[in-house]
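Any value given below was found using the heavy atoms of this structure, including those in side chains, with hydrogens, waters and symmetry copies removed.
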Amino acid sequence: MRLGITMFATDLTVAPHELARAAEECGFASLYLPEHTHIPVSRRTPPPTGDDALPEEYARTPDPFVALAAAAAVTERIVLGTGVCLPAQRDPIVTAKAVATLDRISGGRVVLGVGYGWNAEEAEDHGVPWTRRRAVVREHMLAMRELWTRDEASFKGEFVSFEPCWSWPKPAGRVPVLLGGAPGPTLFAHVAEYGDGWMPIGGAGVREALPALREACEAAGRAMARVVPFGTLPTARKLDYYASLGIDEVVLRVPAGGRDAVLAVLDDYAATYLDR
């Protein structure tokens with residue numbers, strides 16, 4: 001089983017490129033960074049953490065693609081991913097080029113973890129109709145895949161439309177897309193249609209959800225999607241449990257903090273869980 005890491009990176013934590021270099025040196029397989037373009041002051045949408053106040057870190061995340069480009073420059077092997085990117089809030093043509101460029105300069109090491117978002121006010125500032133955000137994500141991702149794979153790409157949809165165009169660079173290979181979110185028919189239908197895997201946050205309830213995910217993939221005429229538990233607080237028992245389900249990668253959560261504190265956690269995780 002491969003083990004990756006994720007941290008809620010901000011301008012106050014260890015720099016993402018330093019974290020990536022240290023994670024690679026420790027032997028971790030992947031690094032995932034989150035995204036929020038901004039955070040409205042309004043708390044009309046309750047914090048997803050269940051706290052009365054939203055933790056400050058949500059307002060301080062760097063752009064994940066810029067941060068991962070810096071990480072690519074100082075690493076050679078570690079997979080570089082978003083956990084998660086919010087495609088509904090991004091222009092798909094611009095984002096497709098950013099992802100393709102990052103994949104090329106990193107030698108094909110990019111994984112795109114995507115989500116639908118939790119903050120209605122944030123989405124509204126981007127002009128995203130909140131109740132249609134899943135449909136917006138779907139079209140944005142389908143349009144991006146067209147730009148990545150066709151020499152003359154075009155797309156016509158409800159939210160995205162462009163005539164035949166040229167867009168290079170192309171990714172070095174297929175960019176895997178992992179969809180985050182709670183299990184359910186809509187999510188699994190989207191995973192089966194345009195995703196490569198499911199990224200359940202924390203990983204609770206995976207065993208119970210696997211039959212529905214498998215059924216959705218079979219209905220779409222495709223192989224079973226990967227399952228990558230994300231943001232997991234590790235124990236040996238938990239990792240053994242995931243391995244028994246056939247899961248081949250788990251992304252461990254590293255507490256946000258300064259360089260020394262974070263690297264100490266990395267060293268502890270590596271000594272305890274790698275090469276088990």
Shortest non-hydrogen contact from Y269 toward V254 | CE2-CG2, 4.1 Å
Separation between OG1 of T45 and CD of E124, rounded to the nearest 0.5 Å | 7.5 Å
Main-chain N/O of I78 paired to R109 side chain as donor or acceptor, under 3.5 Å = yes
Minimum heavy-atom distance between L187 and G181, given as atom pair plus value | CD2-O, 3.5 Å
Do you know the tightest heavy-atom contact between P16 and L31?
-> O-CD2, 4.0 Å
Can a donor-acceptor pair be found between the side chains of E249 and S30 at a distance below 3.5 Å?
-> yes
Is the backbone N or O of S167 less than 3.5 Å from a side-chain atom of K97, with the two atoms forming a donor-acceptor pair by type?
-> no
Contact summary for E121 and R44, nearest pair of heavy atoms | OE2-N, 2.9 Å
Got a donor-acceptor contact below 3.5 angstrom from the H140 side chain to the R90 backbone?
-> yes
Short side-chain to backbone donor-acceptor contact, K170 and R104, under 3.5 Å | no
Kindly compute the distance separating CZ (R21) from CD (E24), expressed to the nearest 0.5 Å.
-> 10.0 Å
Locate the shortest heavy-atom distance separating P229 from T232; write the atom from each residue and the value.
-> CB-OG1, 3.9 Å
ILVMFWY cluster, M199 and L210 together (side-chain gap under 4.5 Å) = no
Could you tell me the separation between the SG atom of C26 and the CD1 atom of I5, rounded to the nearest 0.5 Å?
-> 8.0 Å
Can you tell me how far the CG atom of L274 sits from the CE atom of M1, to the nearest 0.5 Å?
-> 12.0 Å
Check the pair V177 / M144 against side-chain contact (heavy atoms from CB on, under 4.5 Å), numbers first and verdict last.
-> CA-CA 11 Å; V177 173; M144 288 168 62; over 6 Å; no
Linked, directly or transitively: V251 and V265 (ILVMFWY side chains, under 4.5 Å) = no
Should V79 and F28 be counted in the same cluster of Ile, Leu, Val, Met, Phe, Trp and Tyr side chains packed under 4.5 Å apart?
-> no
CH2 (W168) with more than 12 external heavy atoms under 6.0 Å = yes
Would you confirm whether T13, through its side chain, and A9, through its main-chain N or O, come within 3.5 Å as a donor-acceptor pair?
-> no
Is it true that atom CG of D52 has more than 12 heavy atoms of other residues, nucleotides or ligands lying nearer than 6.0 Å?
-> no
Between V111 and Y32, is any pair of side-chain heavy atoms under 4.5 Å apart?
-> yes
Would you confirm whether W148, through its side chain, and A96, through its main-chain N or O, come within 3.5 Å as a donor-acceptor pair?
-> yes
Side-chain heavy-atom pair H36, E57 within 4.5 angstrom cut-off | no
Side-chain heavy atoms of L112 within contact of M141, under 4.5 Å = yes
Can you find a pair of side-chain heavy atoms, one from P87 and one from V136, that are under 4.5 Å apart?
-> no
Passes side-chain contact (heavy atoms from CB on, under 4.5 Å), S154 versus E163? Steps please.
-> CA-CA 5 Å; S154 62; E163 296 298 321; 5.8 Å; no
May I ask you to establish whether R133 and W130 are in a cation-pi arrangement, using a distance under 6.0 Å from NZ or CZ to the six-membered ring centre and at most 45° from the ring axis?
-> yes
Mutual orientation of the aromatic rings belonging to Y194 and H190 [parallel < 30°, tilted 30-60°, perpendicular > 60°] = tilted
Would a 4.5 Å heavy-atom cut-off, applied to side chains only, mark T61 and I39 as touching?
-> no
More than 12 heavy atoms of other residues, nucleotides or ligands under 6.0 Å from CZ of R226: is that the case?
-> yes
Hphob cluster co-occupancy, F159 + L86, side-chain heavy atoms under 4.5 angstrom | no
Please assess S106 against T75 for the test side-chain contact (heavy atoms from CB on, under 4.5 Å), listing each intermediate value before the final yes or no.
-> CA-CA 8 Å; S106 68; T75 57; over 6 Å; no
Can you check whether L178's main-chain N or O pairs, donor with acceptor, with D196's side chain at less than 3.5 Å?
-> no
At what distance, to the nearest 0.5 angstrom, does CE of M7 lie from CZ of R253?
-> 13.0 Å
Report yes if some heavy atom in the side chain of I247 is under 4.5 Å from a heavy atom in the side chain of Y241; otherwise report no.
-> no
Nearest non-hydrogen partners of E146 and A153, listed with the distance | O-CB, 3.5 Å
Atom CD of E76: over 12 foreign heavy atoms under 6.0 Å | no
Does any non-hydrogen side-chain atom of Y242 lie less than 4.5 Å from one of P234?
-> no
Find the distance between CD (E35) and OG1 (T82) and round it off to the nearest 0.5 Å.
-> 7.5 Å
Would you confirm whether T95, through its side chain, and P92, through its main-chain N or O, come within 3.5 Å as a donor-acceptor pair?
-> no
Applying the 4.5 Å side-chain criterion to the ILVMFWY set and letting contacts propagate, would L33 and F230 be lumped into a single cluster?
-> no
Heavy atoms from other residues, nucleotides or ligands near CZ of R259 exceed 12 (cutoff 6.0 Å) = no
Taking C-beta and beyond as the side chain, do P171 and V110 meet within less than 4.5 Å on heavy atoms?
-> no
